[in-house]
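Heads up, the thing below is written out as structure tokens.
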There are 2 protein chains.
Amino acid sequence: MVTRRRVTIADVARHAQVSTTAVSKVLRNAYGASPAMRDRVRAAIDELGYRPHAAARAMRGRTFTIGVLLPHIRNPFFADILDGLSAQVAETDYQVIIVAGGAGLKEEVRAIEALVDRQVDGILMIAPLTSRADLDKVAETMPAVVLGRHEKSTAYDAVDDDDEYGASLVVEHLIGLGHRRIGHISQKDASRGRRAALPYSIREETYTRVMREHGLGDEIAVATTSWTEEGGYIGTRELLARSPRLTAIFAGADQAAFGALAAVHEAGLSVPGDISVAGYDNTRMAALDHIALTSVDQDGVVMGRTAGRLLLERVEGRTASVRFSVTPTLVPRRSTAAPPG
Amino acid sequence: MVTRRRVTIADVARHAQVSTTAVSKVLRNAYGASPAMRDRVRAAIDELGYRPHAAARAMRGRTFTIGVLLPHIRNPFFADILDGLSAQVAETDYQVIIVAGGAGLKEEVRAIEALVDRQVDGILMIAPLTSRADLDKVAETMPAVVLGRHEKSTAYDAVDDDDEYGASLVVEHLIGLGHRRIGHISQKDASRGRRAALPYSIREETYTRVMREHGLGDEIAVATTSWTEEGGYIGTRELLARSPRLTAIFAGADQAAFGALAAVHEAGLSVPGDISVAGYDNTRMAALDHIALTSVDQDGVVMGRTAGRLLLERVEGRTASVRFSVTPTLVPRRSTAAPPG
DNA sequence: ACAGCGATGGGTAACGTTACCCATTTCTTG
DNA sequence: CAAGAAATGGGTAACGTTACCCATCGCTGT
């Protein structure tokens with residue numbers, strides 16, 4: 001590691017026999033540079049292999065960086081979102097950097113601060129646990145988009161899918177098949193303030209509401225674990241212990257549904273013969289033939305792309321607040337069928 | 001977005017009635033500050049909610065940032081690595097930022113440059129496609145650790161698992177069960193220069209070598225797709241078209257194995273009755289009871305933690321080059337058994 | 001009492017880039 | 001052809017932090 005000094009704008013200027021100001025103008029496509037000078041400077045840039053120093057730029061304004069807060073990296077649905085975002089940002093000069101938030105509120109705050117300290121030009125927060133007031137505070141500092149929360153705000157843009165509709169699709173589907181004893185796997189609440197805004201709350205509340213609407217209020221059974229394979233497994237074992245045994249499980253996320261399938265199988269029961277299982281997110285695993293999990297598709301790629309577009313618009317100066325909502329669709333597969341008997 | 005000016009070191013200095021130098025000393029725990037002054041300054045920092053401006057620090061040296069290059073985000077094995085890394089870095093003042101490399105060499109180069117431009121203090125490159133010479137060039141600029149490549153270098157530290165041993169475990173296992181017609185699913189090469197260094201090459205070559213050693217050179221059948229569900233699915237359909245039909249498939253990664261399971265199932269065949277399937281990485285999905293995929297465990301958490309430790313050591317000044325290799329173990333499950341007949 | 005030392009605090013010049021100016025030169029237009 | 005406008009180029013002061021220096025003070029030991 002022979003810390004060789006980086007090529008700077010001054011080196012380029014010297015090499016092209018112009019001022020540093022001139023080089024800066026060319027870099028920024030700013031007014032006041034003749035075509036001839038542009039060519040000279042660009043040639044010098046290529047010859048010396050100059051690359052702008054992001055930190056120095058940050059001192060004076062733009063960093064050309066979009067920061068993403070990701071709760072964790074295991075959920076493949078987030079990968080879809082990132083794909084959409086990357087596609088949107090790829091053609092611009094902006095670069096996406098990701099910071100993992102971890103499971104708790106404290107880690108998440110640290111992650112957001114890290115992004116703010118690094119002066120990103122815009123921040124996309126995916127399903128953040130942070131309180132609304134704190135989100136507003138972040139959005140006061142820099143352009144922000146929040147994905148997956150159902151609050152209205154004038155400070156940031158919001159992208160979400162209609163979780164209420166999506167969850168109702170699943171529950172209605174199961175009830176339509178003839179199920180009555182339907183369990184639900186939800187996620188433990190780690191957020192601060194009222195729960196209502198996050199997907200897991202909405203899906204759970206919708207489950208409860210639809211069950212009641214069909215006169216199945218007494219059959220409501222919720223296991224609150226986490227939306228991971230382990231969480232789904234543990235939650236399902238908990239639900240299976242009930243008597244009389246339920247005939248269907250609506251896991252709030254595919255990841256949890258996979259764990260549910262494992263637990264059902266381990267208990268010597270068959271899917272969908274004994275128990276139907278449905279998930280949410282329509283991940284690629286769900287589509288595989290030997291799993292064939294009924295799920296809800298919410299097009300993460302479009303959500304990510306839209307979030308990117310909104311963020312870039314804000315960076316360019318828009319201040320009016322926008323909300324974009326995706327309408328989910330049910331994707332029935334072989335993991336759900338009429339109940340036994 | 002009311003771009004409120006950030007609190008700076010000067011604000012803190014004024015508030016505490018000391019010089020900016022003094023504040024800087026306190027922040028860095030540098031020599032030349034009395035306990036009394038330290039307390040005053042710290043109080044001012046808390047009161048004003050001061051946070052150091054990373055870009056300004058970058059101009060003068062440290063950014064307290066560790067950059068990670070990730071090929072893509074879908075492989076859950078990478079999540080284990082990140083967990084290990086995060087755990088190692090969490091107690092320090094450093095922050096991990098991730099940049100996704102994308103599938104191609106060009107995107108990867110852009111991603112690495114983005115990290116270099118942002119002056120990260122150290123960089124962890126996970127299974128990079130870049131040529132060895134370019135890796136060395138990066139490592140000349142900043143402390144670097146490369147994970148998952150099997151080259152020796154004096155410029156950077158290396159962390160890997162012994163892919164050759166791991167792959168041989170699987171193939172020997174299948175042969176030991178009585179299989180002869182064993183197929184393999186590999187990944188298309190996107191790197192530059194000689195292939196030998198990346199896991200997919202080594203696993204494939206090992207498969208070929210072990211087959212030959214057992215006199216099964218004529219039975220070698222490789223489908224080269226990608227290590228994703230789709231890749232495994234397509235590759236398996238390709239392999240299943242052969243006649244006589246093979247009795248086992250060694251997918252180079254669990255993700256591909258899941259796709260393989262789907263394809264086998266779709267073809268009306270059973271696992272392991274008709275065909276045995278094995279993967280690599282021992283992801284959580286593989287452990288689930290209804291999948292029970294035979295796989296190879298390579299402890300990504302330890303790999304990530306070690307990579308973090310090595311990187312921090314290098315940031316602190318170590319220059320001697322280190323290699324750390326994990327020994328993988330076979331995890332036999334129900335997806336592999338003796339061949340039919 | 002005094003040289004010499006450690007402890008304490010601050011002044012200042014960078015780091016690389018850009019926004020805002022001003023000084024030329026060249027082009028229009030009546 | 002004069003006068004104003006447009007085009008072209010450069011000088012310079014920040015942005016927030018830190019490394020390196022110097023100045024002062026109170027003690028110590030002789």
Side-chain angles (χ1 to χ4, degrees), chain A residues 3-42 44-45 48-65 93 113 116-121 141-142, chain B residues 3-42 44-45 48-65 93 113 116-121 141-142:
Chain A
T3 22
R4 231 196 345 265
R5 213 176 52 76
R6 233 183 125 89
V7 178
T8 75
I9 213 175
D11 299 322
V12 175
R14 209 171 309 120
H15 194 258
Q17 313 225 53
V18 296
S19 70
T20 56
T21 301
V23 178
S24 176
K25 281 178 182 169
V26 173
L27 285 170
R28 292 174 292 129
N29 288 315
Y31 177 85
S34 64
M37 190 180 79
R38 298 199 113 82
D39 290 346
R40 275 250 298 287
V41 170
R42 273 200 254 271
I45 288 176
L48 299 180
Y50 165 80
R51 316 210 77 242
H53 192 296
R57 283 185 151 176
M59 297 284 301
R60 305 270 328 160
R62 298 272 179 96
T63 53
F64 293 97
T65 309
D93 286 335
E113 279 175 347
V116 172
D117 293 346
R118 276 158 192 78
Q119 294 273 112
V120 294
D121 294 328
T141 316
M142 56 177 54
Chain B
T3 23
R4 231 195 346 262
R5 215 175 53 76
R6 233 182 124 88
V7 178
T8 76
I9 212 175
D11 299 323
V12 176
R14 208 171 309 122
H15 195 258
Q17 315 225 54
V18 295
S19 70
T20 57
T21 301
V23 179
S24 176
K25 281 178 180 169
V26 174
L27 285 170
R28 291 174 293 131
N29 287 314
Y31 176 85
S34 64
M37 191 179 79
R38 297 200 113 82
D39 290 346
R40 274 250 298 288
V41 171
R42 273 200 254 272
I45 287 175
L48 299 181
Y50 165 82
R51 315 211 76 240
H53 193 296
R57 283 185 150 177
M59 296 284 300
R60 305 268 330 156
R62 298 273 178 98
T63 53
F64 294 97
T65 308
D93 286 335
E113 279 175 348
V116 173
D117 294 346
R118 277 157 193 77
Q119 294 274 109
V120 295
D121 294 328
T141 317
M142 56 177 54

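Here is how names work: the chains are called A, B, and so on, in the same order as the sequence lines, proteins then strands, and each is numbered from 1.
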Taking atom [atom2] of [N] as reference, at what distance in whole Å does atom [atom1] of [X] sit?
| X | N | atom1 | atom2 | answer |
| --- | --- | --- | --- | --- |
| B:Tyr31 | D:dC20 | OH | P | 16 Å |
| B:Ile9 | D:dT17 | CD1 | P | 5 Å |
| A:Leu27 | C:dA19 | CG | P | 11 Å |
| B:Asn29 | D:dA19 | CG | P | 12 Å |
| B:Arg40 | C:dT8 | CZ | C1' | 13 Å |

- Message: A side-chain contact here means heavy atoms from C-beta on lying under 4.5 Å apart; do A:Arg57 and B:Asp117 qualify?
- Response: no
- Query: Can you tell if the side chain of A:Leu27 reaches within under 4.5 Å of the side chain of A:Tyr50, non-hydrogen atoms only?
  - Reply: yes
Base, sugar-phosphate alone, or nothing: which one does [X] contact when heavy atoms must sit under 4.0 Å apart?
| X | result |
| --- | --- |
| B:Val23 | nothing |
| B:Ala33 | sugar-phosphate |
| B:Ala30 | nothing |

- Message: Counting only side-chain nitrogens and oxygens, does A:Tyr50 get under 4.0 Å of the OP1 or OP2 atom of C:dT17?
- Response: yes
- Item | Nearest atoms (heavy-atom pairs only) where A:Thr20 meets A:Ile9 | O-CD1, 4.1 Å
- Pair B:Arg28 + B:Asp93: basic N to acidic O under 4.0 Å: no
Base of [N], side chain of [X] - is there a donor-acceptor contact under 3.5 Å?
| X | N | value |
| --- | --- | --- |
| A:Thr21 | D:dG9 | no |
| A:Arg60 | C:dA19 | no |
| B:Ser19 | C:dG9 | no |

- Query: Quick one: on DNA chain C, does B:Met59 or B:Lys25 contact a more 5' nucleotide (nearest heavy atom)?
  - Reply: B:Lys25
- Message: Closest approach to the side chain of A:Ser34, judged atom by atom: which nucleotide of C:dG16, D:dT8, C:dT8 is it?
- Response: D:dT8
- Query: To the side chain of A:Arg57, which of D:dG9, C:dT18, C:dA19 is closest?
  - Reply: C:dT18
- Task: May I ask you to check whether B:Arg118 and B:Thr65 show a side-chain donor-acceptor distance below 3.5 Å?
- Result: no
